[in-house]
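Ligands are counted one by one from 1 in listed order, and the atoms in each one are counted from 1 as well.
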Amino acid sequence: MRLKLALLGFGVVGQGLVDHLIHNSEKAKVEVGFDPIVVAISDFRKGSIYDPNGLNLKLVLETLEETGSLDTYPGSNELVRGLDAIATIIESNADAVVEATYTNVKTGEPAITHCKTAFEHKKSVVMTNKGPIALALKELEQLAKENSVFLGYEGTVMSGTPALRLPKTTLIGNNITKISGILNGTTNYMITQMETGKSYEAALKEAQEKGYAEADPTSDVEGYDAMYKVVILANAIMGKHITVDQVECRGLNTLSREAIVAAKANQRCWKMLGTVEELPNGDIRASVKPVEVAMDHPLASIGGATNAVTYTCNMSGEITLTGAGAGKSETGFALLIDLIYCHLHVQKQANMTLMN
Ligand code: HSE
């Protein structure tokens with residue numbers, strides 16, 4: 001059975017996924033039988049199209065490029081236009097929803113409502129929105145489990161770099177007592193630039209021009225973006241139940257250029273580190289803040305917008321993973337890999353039904 005997908009939100013991330021579905025999913029088809037069809041795309045601004053037999057993705061991208069809208073997509077007799085996100089979830093024949101809407105990180109909405117609606121209608125969800133996962137992971141996981149559907153959120157931390165799936169699969173069985181990393185590309189890029197003598201303002205402007213920073217960079221420079229990722233790592237990987245207000249948060253805006261330049265002169269450097277640690281008494285300590293590290297620290301050499309994270313494991317020791325933390329292709333891949341796992345989940349469910 002082909003996995004039928006509904007895409008909610010069709011910005012850079014959704015289009016990154018569609019690019020991969022068009023050009024890069026043949027290998028997964030051969031290897032694990034992953035052969036999805038996109039039946040619906042609903043975007044608040046660009047319009048909404050649903051065809052129960054599947055959309056022509058190349059034509060979708062061409063239409064969007066030519067007209068900036070999905071409203072002019074030609075489609076078949078069965079094409080339905082104008083369904084909003086909730087109607088798309090409920091009324092389409094999709095098995096899985098790709099949640100990529102513009103969501104308020106502080107409330108997690110409308111993505112949390114979209115997830116709950118999907119689960120209640122026995123549909124899986126994959127997403128890269130941080131807010132819903134940082135705020136409501138346990139509740140969403142429980143609801144997905146009750147309805148025997150899949151929830152994927154790999155792209156919420158370090159985009160397509162497997163910061164969540166690596167510890168949950170390859171490192172399984174380890175007791176992970178500490179996770180610490182460079183979880184925000186904008187601020188790491190800024191520090192790297194400020195080490196060469198650039199001002200904070202010039203470095204931020206460059207990070208914005210290169211597309212690393214959020215539209216409103218406050219979330220990057222004041223540490224909130226990394227704070228949400230720390231909560232996700234603590235809860236999803238270490239099995240904790242922390243909330244954003246338990247994370248000590250100090251942004252890059254609290255660090256002077258002089259301190260950055262002085263550290264460099266002393267063969268040391270500053271990194272914005274997001275850390276969660278289980279103390280010997282069982283307490284959890286979580287923070288996002290500038291930390292001065294020695295040059296032999298595993299994260300000292302990570303420059304530019306690259307992200308990296310170190311897991312302290314009781315059996316395998318310290319494992320450091322490094323890679324992109326953002327980008328159209330990388331974040332599109334995060335959705336793709338979640339969908340491949342969703343496909344494997346659906347296959348497993350079908351096999352269990354056959355055996356019973
Ligand atoms: N603005 C973020 C960063 C993008 O700089 O890392 C990914 O969350």
(request) Go through the side-chain N and O atoms of K240 and N235 and say whether any donor and acceptor fall under 3.5 Å apart. (result) no
(request) Between D225 and ligand 1, find which residue part has any heavy-atom pair under 4.0 Å and reply side chain, backbone, both or neither. (result) side chain
(request) Just jot down the ligand 1 atoms closer than 4.0 angstrom to any heavy atom of N184, in number order. (result) 2 (C), 3 (C), 5 (O), 6 (O)
(message) Applying a heavy-atom cut-off of 4.0 Å, say which part of D220 lies close to ligand 1: side chain, backbone, both or neither.
(response) side chain
(request) Report yes or no: do T353 and Q349 form a side-chain donor-acceptor pair below 3.5 Å? (result) no
(message) Side chain or backbone, does K229 bring an N or O within less than 3.5 Å of an N or O on ligand 1?
(response) yes
(request) Could you verify whether a donor N or O on one side chain and an acceptor N or O on the other, from T67 and T72, lie under 3.5 Å apart? (result) yes
(request) Tell me yes or no: between the side chains of S76 and D51, is some donor less than 3.5 Å from an acceptor? (result) yes
(request) Looking only at distances, please establish whether an N/O atom of ligand 1 is found under 3.5 Å from an N/O atom of G185. (result) yes
(message) Only heavy atoms of G325, strictly under 4.0 Å: list the atoms of ligand 1 that pass.
(response) 7 (C)
(request) Would you name the heavy atoms of E195 and C269 that are closest together and state the gap between them? (result) OE2-CB, 3.5 Å
(request) Can you label the angle between the H345 ring and the F150 ring as parallel, tilted or perpendicular, going by 30° and 60°? (result) tilted
(request) Check ligand 1 against T186 and write out every atom of the ligand that is under 4.0 Å from a heavy-atom position of the residue. (result) 1 (N), 3 (C), 5 (O)
(message) Among all protein heavy atoms in this structure, tell me which lies nearest to atom 2 (C) of ligand 1, with the distance rounded to 0.1 Å.
(response) E214 OE2, 3.3 Å
(message) Under 4.0 Å from a heavy atom of K130: which atoms of ligand 1 are those, numbered in the order shown and with their elements?
(response) 8 (O)
(message) Could you check whether any side-chain N or O of S316 sits under 3.5 Å from a backbone N or O of C313, counting only pairs where one atom can act as donor and the other as acceptor?
(response) no
